[in-house]
Amino acid sequence: MRVGITGHRGLPEHVENQVRTMLTARAKAFDSRDLVGISCIADGPDAWWAEAVLDAGGKIEVVIPAEKYREGLPAWHHPVYDKLLQAASDIHRTGLRESTSEAHQAGSEILVGLSDELTAVWDGQPARGYGGTADVVSYAERVGVPVTVLWPEGASR
């Protein structure tokens, strides 16, 4: 089963802990021999999903939205990003250079195209900018990729 991830970054710590638990349980629900997590490995749910899949015994594939994508991520996340990138069984690229909203959406569309289903850590609200979680969920629904939404009850970002 090839399961992609999209989700909100910058979640409060108490929401982060709940989401991490949900992602770990979700990864363990699959047969690890067949599980491939697909992620852009940004800080937040992208990286947490990749870690949960690896911890469950699955494999990860990484989508890189732009050549300068890593530079746009927080410096504190770079060691995690590098470790996950090194653990990837395959890497997919958009071919774009600048890490823009358009590049992020293009990366997400590749991710959705590689996925049998999409996990969305999403509060159900509209995207705060083009290429946000809501846009990725909408794209997946348009192209017929099933979406499972994970969001802690009563949580806000």
query = Is the backbone of D123 close enough, under 3.5 Å, to the side chain of H8 for a donor and an acceptor to pair up by distance?
reply = yes

note = Scanning both residues in full, the closest heavy-atom pair of T94 with A66 reads OG1-N, 4.1 Å

task = Flag the pair T6 / D135 as yes when at least one side-chain heavy-atom distance between them is below 4.5 Å, and no otherwise.
result = no

note = Between C40 and P65, the two heavy atoms sitting closest are SG-CG, 4.1 Å

inquiry  = Holding to side-chain contact (heavy atoms from CB on, under 4.5 Å), I want the full list of residues that pass it with D116, two or more places apart in sequence or in another chain.
reply    = M1, R2

task = Any chance you could pull the hydrophobic cluster mates of L111, using side-chain heavy atoms under 4.5 angstrom and chaining through other members?
result = V36, I38, V63, I110, V112, L114, L118, W122, V136, V137, Y139, V143, V145, V147, V149

Separation of L85 CG from R70 CZ (nearest 0.5 Å) = 9.0 Å

inquiry  = On a heavy-atom basis, which atom in A56 and which in S32 lie closest, and how many Å separate them?
reply    = O-CB, 3.0 Å

message = Looking at every non-hydrogen atom in both residues, tell me the closest pair between L35 and W49 and how far apart they are.
response = CD1-CZ2, 4.5 Å

note = Between R9 and P74 the two heavy atoms that sit nearest each other are NH2-CD, 3.6 Å

query = Given side chains that start at C-beta, do those of T119 and L23 come closer than 4.5 Å, heavy atoms only?
reply = yes

Those residues that, when tested against A52, pass side-chain contact (heavy atoms from CB on, under 4.5 Å) (two or more places apart) = T24, A27

message = I'd like to know if D90 and K59 make a salt bridge, using a cut-off of under 4.0 Å between side-chain N and carboxylate O.
response = no

ask   = Is M22 reachable from I60 through a run of I, L, V, M, F, W or Y residues, each pair having side-chain heavy atoms under 4.5 Å apart?
value = yes

task = Check the pair I64, I91 against side chain to side chain contact (heavy atoms under 4.5 Å, CB included), reporting the backbone distance first and the verdict last.
result = CA-CA 7 Å; I64 300 176; I91 299 171; 3.6 Å; yes

key: Under 3.5 Å donor-acceptor, T21 side chain and N17 backbone   = yes

note = In this structure, CZ of R157 is separated from CH2 of W151 (nearest 0.5 Å) by 6.5 Å

key: L11 vs W48 side-chain heavy atoms within contact, under 4.5 Å   = yes

message = With a 6.0 Å cut-off on the ring centroids, do Y130 and H104 count as close?
response = no

inquiry  = Minimum heavy-atom separation for A106 and L96, please, with both atom names.
reply    = CB-CD1, 4.1 Å

S39 (side chain) donor-acceptor with D46 (main chain) under 3.5 angstrom = yes

ask   = Less than 4.5 Å apart, any side-chain heavy atom of T133 and any of V121?
value = no

key: More than 12 heavy atoms of other groups within 6.0 Å of R97 CZ   = no

ask   = Distance-only, no hydrogens or angles: does the H77 side chain make a donor-acceptor pair with backbone N or O of I41 under 3.5 Å?
value = yes

inquiry  = A side-chain contact here means heavy atoms from C-beta on lying under 4.5 Å apart; do P152 and V15 qualify?
reply    = yes

